[in-house]
Number of protein chains: 2
Amino acid sequence: MEFETLSDMKRTNMCGELNASDENKEVVLMGWVAKNRKLGGVNFVTLRDRTGIVQLAFNDSTDKDVFEKSEHLKGEYVIAVKGKVLRRTPENVNKNMPTGEIEVFVTELRVLNSSETPPFYIEENIDTNDALRLKYRYLDLRRPDMQKNMMLRHKVTKIARDYFDANGFLEIETPMLTKSTPEGARDYLVPSRVQQGKFYALPQSPQQYKQMLMLAGYDRYFQVVRCFRDEDLRADRQPEFTQLDMELSFVDIDTIININEGFLKKVFKEAMGIDIETPFIRMPYNEAMNRFGSDKPDTRFGLEFIDISDEVKNCGFKVFSGAVENGGSVRCINVKGLGNKLSRKKLDALSEYVKTYKAKGMSWIVVEDDSLRSQITKFLSDDEINSILSKTDAVPGDAILIIADKNDVVYDALGNLRLEVARQFDLIDNSKFNFLWVTDFPLFEYSEEEDRYVAKHHPFTHPVDEDIEKLETEPQNVRAKAYDIILNGSEIGGGSLRIFNSDLQERMFKALGFTHDEAWERFGHLMEAFKYGTPPHGGLAYGLDRLVMIMAGCDSIRDVIAFPKVQTASELMLKSPSYVDKKQLEELGIEITVPVDDGEKENSDNE
Amino acid sequence: MEFETLSDMKRTNMCGELNASDENKEVVLMGWVAKNRKLGGVNFVTLRDRTGIVQLAFNDSTDKDVFEKSEHLKGEYVIAVKGKVLRRTPENVNKNMPTGEIEVFVTELRVLNSSETPPFYIEENIDTNDALRLKYRYLDLRRPDMQKNMMLRHKVTKIARDYFDANGFLEIETPMLTKSTPEGARDYLVPSRVQQGKFYALPQSPQQYKQMLMLAGYDRYFQVVRCFRDEDLRADRQPEFTQLDMELSFVDIDTIININEGFLKKVFKEAMGIDIETPFIRMPYNEAMNRFGSDKPDTRFGLEFIDISDEVKNCGFKVFSGAVENGGSVRCINVKGLGNKLSRKKLDALSEYVKTYKAKGMSWIVVEDDSLRSQITKFLSDDEINSILSKTDAVPGDAILIIADKNDVVYDALGNLRLEVARQFDLIDNSKFNFLWVTDFPLFEYSEEEDRYVAKHHPFTHPVDEDIEKLETEPQNVRAKAYDIILNGSEIGGGSLRIFNSDLQERMFKALGFTHDEAWERFGHLMEAFKYGTPPHGGLAYGLDRLVMIMAGCDSIRDVIAFPKVQTASELMLKSPSYVDKKQLEELGIEITVPVDDGEKENSDNE
């Protein structure tokens, strides 16, 4: 098949832009054939580009050659047409289509390219398996919903850049070939050829570089920047992901929060037309844990925790009294008005569910009109039962779901139970965008695995001033000048004020278990730098993929990343990673210590 | 030393913004102490932030404690001050300083941090060795000229994003962990942990991904994107560099050129206040070679090539006649009016200079008032001499510099001689920004090393339509739909229309020496993709670092990159690359085959 060229044809309009006001205009359009159907001697071709679709009409007034050519158009053919915009007769108006009031009567048609039948339909919301979608990502990305996601992502980053630029931030690029540091996730390494035996690491974040920029007097920095973590993948994790990263000098937490509330307000308004209320609620970490069992609570619904430890600490039910005795707690949620929907079977299933989170099980009291349905009331006195019902404001129809355990387990199990109940009973208003700052995080958390305290955020986080004296004595009680921004129960960003004093930074490393020598060996450049006039500074980084995912209403960040990787960290279209030539490894001074699948190697890139 | 905190102090102004219109305003400023000197009982402290400097005054009206504190301020201390803007008396106005009409009478002073004496002065244009500058990059970047460069770079990229967004381009991120492909420079590899034995490659450019985006219907894509090439470094090369990359569908070369001329006009106007004339001259590759011996000619000065092959082809000087006889040529430049500055010594030096470019030497004829000065006229007849003088329009005072050799050598040697003469005699107007499109490149160039044709740009470049039939028969005569954008003799960008047909792409790979199987093994994904409705498309990519370097008037791209690498590909501040833990390599299934410098390993990060 011989194809035509554009030669002097110039597009005048995009397909989705045309409407009744364009009547009688001569237009040139280019795009993909979505459909071609014949109705009563007329060929109706739907033409698609990234802005939408428009109907082309070829009828008995059409030039005979053009009409015949139009009969051969198949789905995904690439064409250019010249024609006249005509209003459709009232009975032919399609109100479901933005361009449904008009159609284009075609006078010239060029077929620029053909297409084989695609492996799946180029339509919204198709049910195609992920591997096929990702292998033919160029076709998957042609689907209108994926195009909307990519356009939303472009818009969000553009608005971010406009906003931060207008607020005095400079976008400064930091290196991708950087240095492997301990503390944190696993690095992706890049062998050096010039200095064989040595490696670069791809950045997990530009943390140290952006702090150096504050030291260098740049005052306000931001960057939309690729970051890397070589961790096992989950649904919302990718080996490479994008941060909207910023750092500011001479500021307090309020300033950082105000600037970011301004950003989120603007981006939701301009990208989605949604007004969000500022200021957002700020909630200390301890409060978030006590009310929701989570440092990223979803506040779009209630089901808040109620602590009934006092009510049951002396009761005869050992699961309860024992938990309190051992320093744990007994907490519950009141599932208001849904008791009659919580059958024994459902309750047993929820009891199984919480075991995923290390709880030994779940207790319940369903308040019925004249009685209680419960597996535990037999172990409790009437007074104890009444005090529980009173503490939880329980009335007939309510169900009290109770977890008793160590506090960590209670938070985790009851927090997840809360989410699961909300999902099962559809208690979440998906039209809401609930923002929340969580503040006053603990500076450290204890790592059983490493048998030492590790930084909850990272080792550059500034302790709350009045807690500094506890760094050596009660590290577990030191709070951080850190803050996370939560949207609908997801952490979309986080940050902190940073240590900017060499001595304090060294005390921090000591608290993390480093000797003086180790600390200087690994982070000497930073502690040395702090000696040359470091301003107070702090910052924040958003996970851009996750933010856009939530804005787009998607369930997976893959749907807002053009060419994502699957769970094996492969990209299925170009097929990376792949075997490489031996010569390449020799030049790098490395060799593979594992057996290579020769069959796959030879055919790895073969279709 | 105990430092103060900002607590409730909020900055009202930046240092460099203040002027006489701010008289009597109460301001809060924060920044670095540039200088502190005592004059007649008054302490004058110069305070610096990224916007500039301002003078703070502490005198006998100043609160005693504040005054005393001010006496202890040293260079690079970080301070916050509250004070009142006062006009200086006329005799104290400093016209060399934008804020020189005012000073700030300080009422409150907080010392936020101290500084040791920096290893070099924080001033413009200091003469410090590069290694020291890069080790203390955070101090080097504090210098006002480096800050200006970074701010210019921010501005250029911001303007680019505004412009391309306004012209319908979507910024879409492409992967950094991608696939190693042959054809091109050496890849940086990233070992996969999940799929041991396999590797990702860092992208040399997002070429294939951006073509896939055109296939997917995104119509206009752009990205400011990091790219990587593991090649030995030169002054203007870095292992990682930034491209301003774009791709467009349904366009011809004119559209791409128009859009980019619009961009360059805008960016020079808005970032530099400079008007540049559009449209730019377009010059076919052959013309550029014949006139300047270069496909990136510097057109800020003349000294164009004059071909005197015809005039000397039969002459008795074998160097000349032999060159023509062997298919080469004899070409010269006329250095007008500078003959008297070209002493024998200088001419001999230039003759040595051209040997770097494989010329055997340079001949010359200096036209003096009554005679010729030349080492070769004795081999030429009077007629031959006269025809040379006539062809070159030579008059007394001129000097004709001649190279005779194979054409490649003539182009290279005489082209570089032209530049060298211009530099030596200061013929280049550095205030000029001369843009030029070079077009109609050859599609292939012959690689002696590989003994085959390789792609001059890349294997996806579309041949000129009427040359397609020569792909198999005369590859050396196939022109490409490619274009480079040249600024002052540097290639700042380049691009092409792309092949968008599977069969033509396969013919292209065949012409490059691939078998059918090899082509499909390596680029099957692309040729397969082309079967599903590929629009005609093309694009362009700028080397952002180089563009900004030229705009900033710098000699090295290091001066427009925040954290560049040196010739050994090391970054000297954080010290990458570095040795890593054995455990990290084990997890990746690789090992080092070269001896590791244990001494360096142990101390590699120690200060």
Side-chain angles (χ1 to χ4, degrees), chain A residues 30 32 50 76 78 113 115-116 138 141-142 154 158 165 170-172 175-180 188 190 192-200 212 215-217 219 226 230 240 250 521 524 529 531-535 562-563 568-569 574 576-578 580 589-594 596 605-607, chain B residues 30 32 50 76 78 113 115-116 138 141-142 154 158 165 170-172 175-180 188 190 192-200 212 215-217 219 226 230 240 250 521 524 529 531-535 562-563 568-569 574 576-578 580 589-594 596 605-607:
Chain A
M30 299 175 188
W32 285 260
R50 80 174 200 220
E76 305 312 315
V78 183
N113 215 336
S115 175
E116 292 186 3
Y138 46 90
L141 284 171
R142 207 184 277 170
H154 164 72
K158 182 65 174 62
D165 174 68
L170 301 172
E171 186 155 10
I172 299 176
M176 294 281 116
L177 294 173
T178 173
K179 185 180 164 178
S180 185
Y188 275 103
V190 182
S192 168
R193 177 182 58 86
V194 182
Q195 298 180 53
Q196 290 186 343
K198 293 188 184 179
F199 293 80
Y200 302 96
M212 291 295 191
L215 240 146
D219 209 84
R226 201 69 53 84
D230 187 8
E240 50 179 313
F250 301 113
E521 206 178 293
K531 293 180 177 172
Y532 294 99
T534 307
F563 303 101
T568 55
L574 296 201
S576 69
S578 63
V580 298
I590 60 172
E591 63 186 19
I592 299 171
T593 60
V594 294
V596 164
D605 305 323
N606 220 330
E607 287 293 330
Chain B
M30 300 175 186
W32 286 260
R50 81 175 200 218
E76 304 313 315
V78 183
N113 215 336
S115 175
E116 292 187 3
Y138 46 91
L141 285 171
R142 207 184 277 170
H154 164 72
K158 183 67 175 63
D165 174 68
L170 301 172
E171 185 155 10
I172 299 177
M176 292 283 115
L177 294 173
T178 174
K179 186 180 163 177
S180 185
Y188 276 103
V190 183
S192 168
R193 178 183 56 86
V194 182
Q195 299 181 51
Q196 291 187 343
K198 293 187 182 178
F199 293 79
Y200 302 95
M212 291 294 191
L215 240 146
D219 209 87
R226 200 68 55 82
D230 187 8
E240 49 179 315
F250 302 112
E521 205 176 294
K531 292 180 177 170
Y532 293 100
T534 306
F563 304 102
T568 55
L574 297 201
S576 69
S578 63
V580 297
I590 60 172
E591 64 185 18
I592 299 171
T593 60
V594 294
V596 164
D605 306 323
N606 221 328
E607 286 295 330

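So that the names make sense, note that chain A is the first sequence line, chain B the second, and so on, each numbered from 1. Fair warning: this is a prediction, and the values are worked out from it, not measured in the lab.
- Among residues two or more places apart in sequence or in another chain, the side chain to side chain donor-acceptor pair (under 3.5 Å) test is passed with Glu240(A) by Arg226(A), Lys565(A).
- Only the side chain of Ser192(A) comes within contact range of chain B, judged by heavy atoms closer than 4.5 Å.
- Annotation: ring-ring contact (aromatic ring centres under 6.0 Å, His included) contacts of Phe563(A) (sequence neighbours excluded): Tyr209(B).
- Only the side chain of Lys158(A) comes within less than 4.5 Å of a heavy atom of chain B; its backbone N, CA, C and O stay farther away.
- Both the backbone and the side chain of Leu215(A) come within contact range of chain B, each with at least one heavy atom under 4.5 Å from a heavy atom of that chain.
- Gln195(A) contributes a side-chain N or O that, together with a main-chain N or O of Thr568(B), makes up a donor-acceptor pair within less than 3.5 Å.
- Most heavy-atom pairs under 4.5 Å with chain B, from the set Glu76(A), Gln196(A), Met30(A): that is Met30(A).
- In this pair, Tyr532(A) and Tyr138(B) present their aromatic rings tilted. The plane angle is within the 30 to 60° band.
- When all heavy atoms of Arg50(A) and Asp219(B) are compared, the pair lying nearest together is NH1-CB, 3.9 Å.
- Taking all atoms of both residues into account, the shortest heavy-atom contact from Ile590(B) to Ile590(A) is CD1-CD1, 4.2 Å.
- Most heavy-atom pairs under 4.5 Å with chain B, from the set Ile172(A), Thr593(A), Val78(A): that is Thr593(A).
- Side chains of Pro577(A) and Phe199(B) form no contact here, defined as non-hydrogen atoms less than 4.5 Å apart.
- No side-chain heavy atom of Met212(B) sits under 4.5 Å from any side-chain heavy atom of Leu141(A).
- Of all the heavy atoms in Glu171(B) and His154(A), the pair that sits closest is N-ND1, 2.8 Å.
- Although no hydrogens or angles enter the test, the distance criterion places a donor-acceptor pair under 3.5 Å between the side chain of Trp32(A) and the main chain of Gly533(B).
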